[in-house]
Amino acid sequence: MDLYTVGKIIGARREAIGLTQKQLARLARLSRQSVQNLEVGTIKDLSFKRLSRLLAVLGLDFDSPSITARQKKRGLWMASKTSSVSYQYDLSEEMLEQSLATGEVPLGFEAHLGHLLGQAPIEYVVMAVEETAQHQQRLPAEIWKNVAHIATSLAPNRKELWV
């Protein structure tokens, strides 16, 4: 598979989960220009490490970039469990989904959401946003706005990723 084809797959996947090129670039620690050039097919070379980060954020892999492996994962579950590590009470999948759908954090679970957005693997957040949008029948971009709102107050160390 060539870089042009990979770029088309990445662009389609990015749009499907409601990320802008700027957001994807930030999450994958790339420049927006690199993402844009990859998607339009004008990039000449991209290191394996950079491409791996980009694919990981999107839930894709190198076998042949597809979402088959991603669809087998339970992103909301993974994110809720990760956010509940070290806390007495668990943030349930339903509570996490509701928070992402509304931008409101349940009282007493601020630290959970702060941990998720401030320290958890980025791929977990991306999967949780994607699943929330599907379950709530909303555009992923709407959910990303809620993530940015929550991150502004609860994840100061990584809020620049989400806003």
> With sequence neighbours left out, which residue pairs that include part of residues 17-42 fulfil the salt bridge (charged side-chain N to carboxylate O under 4.0 Å, His left out) condition?
Replying inline: Arg14-Glu39
> For Glu93, which residues count as a salt bridge (Lys or Arg N to Asp or Glu O under 4.0 Å) partner, sequence neighbours excluded?
Replying inline: Arg74
> When you measure from the side chain of Ser84 to the backbone N and O of Leu91, does any donor-acceptor pair fall under 3.5 Å?
Replying inline: yes
> Can you pull the salt bridge (charged side-chain N to carboxylate O under 4.0 Å, His left out) pairs that have at least one residue in residues 106-133, sequence neighbours excluded?
Replying inline: Arg13-Glu130, Arg70-Glu130, Arg70-Glu131
>> Holding to salt bridge (Lys or Arg N to Asp or Glu O under 4.0 Å), I want the full list of residues that pass it with Glu94, two or more places apart in sequence or in another chain.
In response: none
>> I'd like to know if the side chain of Trp162 reaches the main chain of Gly118, judged simply by a donor and an acceptor atom lying under 3.5 Å from each other, with no hydrogens or angles considered.
In response: no
>> Treating Asn37 as the side-chain partner and Thr42 as the backbone partner, does any N or O pair qualify as donor plus acceptor under 3.5 Å?
In response: no
> Does Arg138 reach the main-chain N or O of Ala133 with its side chain, forming a donor-acceptor pair under 3.5 Å?
Replying inline: no
> By side chain to side chain donor-acceptor pair (under 3.5 Å), which residues pair with Ser34, not counting sequence neighbours?
Replying inline: Ser31, Arg50
> Nearest 0.5 Å, what's the CG-OG distance between Asp90 and Ser83?
Replying inline: 8.0 Å
>> Donor-acceptor check, side chain of His112 to backbone of Val105, threshold 3.5 angstrom: yes or no?
In response: no
>> With rounding to the nearest 0.5 angstrom, report the CD1 to CG distance, Ile10 to Leu54.
In response: 4.0 Å
> Between atom OG1 of Thr152 and atom CD of Glu160, what is the distance when rounded to the nearest 0.5 Å?
Replying inline: 11.0 Å
> Okay, side chain of Gln23, backbone of Thr20: is any donor-acceptor separation there less than 3.5 Å?
Replying inline: yes
>> Can you tell me how the ring of His115 sits relative to the ring of Tyr87, calling it parallel under 30°, perpendicular over 60° and tilted otherwise?
In response: perpendicular
> Who are the ring pair (Phe, Tyr, Trp, His ring centres under 6.0 Å) partners of Phe48, not counting sequence neighbours?
Replying inline: Phe62
>> Let me confirm one number: the CG-CG distance from Leu154 to Leu116, rounded to the nearest 0.5 Å.
In response: 10.5 Å
> Do you know which two heavy atoms are closest between Val57 and Leu24, and how far apart they sit?
Replying inline: CG1-CD1, 3.8 Å
